[in-house]
A.B. asks: 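This is the structure I want to talk about, given as structure tokens.
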Protein chains: 2
Amino acid sequence: MAHTYEYPRPALTVDCVVFGFDGAGLQVLLIRRGLEPFLGAWALPGGFVHMEEDLEAAARRELEEETGLKGVFLEQLETFGAPGRDPRGRVVSVAYFALVRPDRNPARGDTDASEAAWFPADKLPELAFDHSVILTTALERLRGKIRYQPVGFELLPESFTLTQLQALYEAILGRGLDKRNFRKKLGAFDFVVETQGFAGGSHRPARLHRFDHDKYEALRSKGFLFEL
Amino acid sequence: MAHTYEYPRPALTVDCVVFGFDGAGLQVLLIRRGLEPFLGAWALPGGFVHMEEDLEAAARRELEEETGLKGVFLEQLETFGAPGRDPRGRVVSVAYFALVRPDRNPARGDTDASEAAWFPADKLPELAFDHSVILTTALERLRGKIRYQPVGFELLPESFTLTQLQALYEAILGRGLDKRNFRKKLGAFDFVVETQGFAGGSHRPARLHRFDHDKYEALRSKGFLFEL
């Protein structure tokens, strides 16, 4: 190549904050480190970006290698690059956040990750590197984002009750919501569609709903602004 | 260091999308490249991250070196790392967006940037690298962000009329807004404060207002959600 650079370069990694919802609380998927540094400590799934690999592809590869998860909702969060954040030298990490439906369980670790497990978002173990900072940033992003983008549905089963949806919002926002007002807002959304199914097990069966992505996108392209 | 990495590494840059507002339309600050590749082409201000330098510090340094701007509103946008986005090899760029008040004019270029100039956001020249993609992403972020965070004030003079504020929102959103409704929402915001001043030059002088950052932060910490 005619123009190349010979400056010293930071190493580049990706890290994934993976959120799940167990019906009552927000969960975070962590791996136990199988290598130094921080051997044995809990950490976000992630690893080094390959030279010919796109950033999101690297995040998806590491997520699958370390937790078995694939095909999940994944979005870039922020890049963390403070000098000193990694004891190995200058390492800059592009962080992603993922949203995972309850029926998706992490499989296992690999050589980098000896174990993968869900933790309640409000009771996390001590994390390696600056991963607790990355996690806090992801939580703030999620809290902001569910207000104005229909991403919460990615944390529910394909069919869900409106009570489940409200419980999800309350868990993420960390406060109770007025049921009547919440239902009223939802009622105006053509893209939250009734299904033929009901949630079983209760003496008062609750109608199951689903999120109609195509209907939402059609509305959005006409200027509709989601807010819940 | 006990644990280091000897993998090949991408080069790491920062790029800045700098927005301004001239009272009628949204503006973008570009530099003309003084070096290969893309010598002579317009591009976003930016450059390589130093090994001991934080990412935002690198963005602020490059912005000042290439345009003379400092002390501006700056926030991380997204990191762009598609293989092939730079003809020199694998270069990953952490993009920032900056909001600049109208009284701040760029000074000059340096050896990397022979010239700096404002362009209307809807009439931009062809840009180097993937900078038009970065710019489109920044525009989308700004359009989303002004709805739920009071960042628009960063594009106005310290004192502004409500007509100027509405013109700013209309320019960014690309559509007209109902004046009565806009004023009604603003009227409920204790943090948009009347000053003693009036905008001169008109037969009907308009009251100048300012954004009270402390009042806004106090409300926000109590759970207030900005929306305009």
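Per chain, numbering begins at 1; letters A, B, ... match sequence-line order.
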A.B. asks: Mind listing the closest non-hydrogen atom pair of A:Pro10 and B:Leu12 along with its distance?
C.D. replies: CG-CD2, 3.9 Å
A.B. asks: Side chain, backbone, both or neither: which part of B:Gln76 has a heavy atom under 4.5 Å from chain A?
C.D. replies: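 When you check distances to chain A, only side chain atoms of B:Gln76 fall under 4.5 Å.
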A.B. asks: Taking side-chain contact (heavy atoms from CB on, under 4.5 Å) as the criterion, tell me which of B:Val92, B:Leu77, B:Val14, B:Leu55 meets it with A:Thr79.
C.D. replies: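 It is B:Leu55, the one option of B:Val92, B:Leu77, B:Val14, B:Leu55 that forms the side-chain contact (heavy atoms from CB on, under 4.5 Å) with A:Thr79.
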A.B. asks: Provide the closest heavy-atom pair for B:Phe226 versus A:Arg147 in the form atom of the first, atom of the second, distance.
C.D. replies: O-NH2, 3.9 Å
A.B. asks: Counting only heavy atoms not in B:Lys185, do more than 12 fall under 6.0 Å of its NZ?
C.D. replies: yes
A.B. asks: For A:Glu227, is it the side chain, the backbone, both, or neither that has a heavy atom closer than 4.5 Å to a heavy atom of chain B?
C.D. replies: side chain
A.B. asks: Using a 6.0 Å cut-off, check whether atom NZ of B:Lys179 has over 12 heavy atoms from anything other than its own residue.
C.D. replies: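 Open.
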A.B. asks: Atom CZ of residue position A:Arg220 - does it have more than 12 heavy atoms of other residues, nucleotides or ligands inside 6.0 Å?
C.D. replies: no
A.B. asks: Can you tell me how far apart CE (B:Met51) and CZ (A:Arg9) are? Round to the nearest 0.5 Å.
C.D. replies: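 CZ of A:Arg9 is found 10.5 Å from CE of B:Met51.
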A.B. asks: Nearest 0.5 Å, please: how far is NE2 in B:His50 from CZ in A:Arg90?
C.D. replies: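 Spacing of CZ (A:Arg90) from NE2 (B:His50) equals 11.0 Å.
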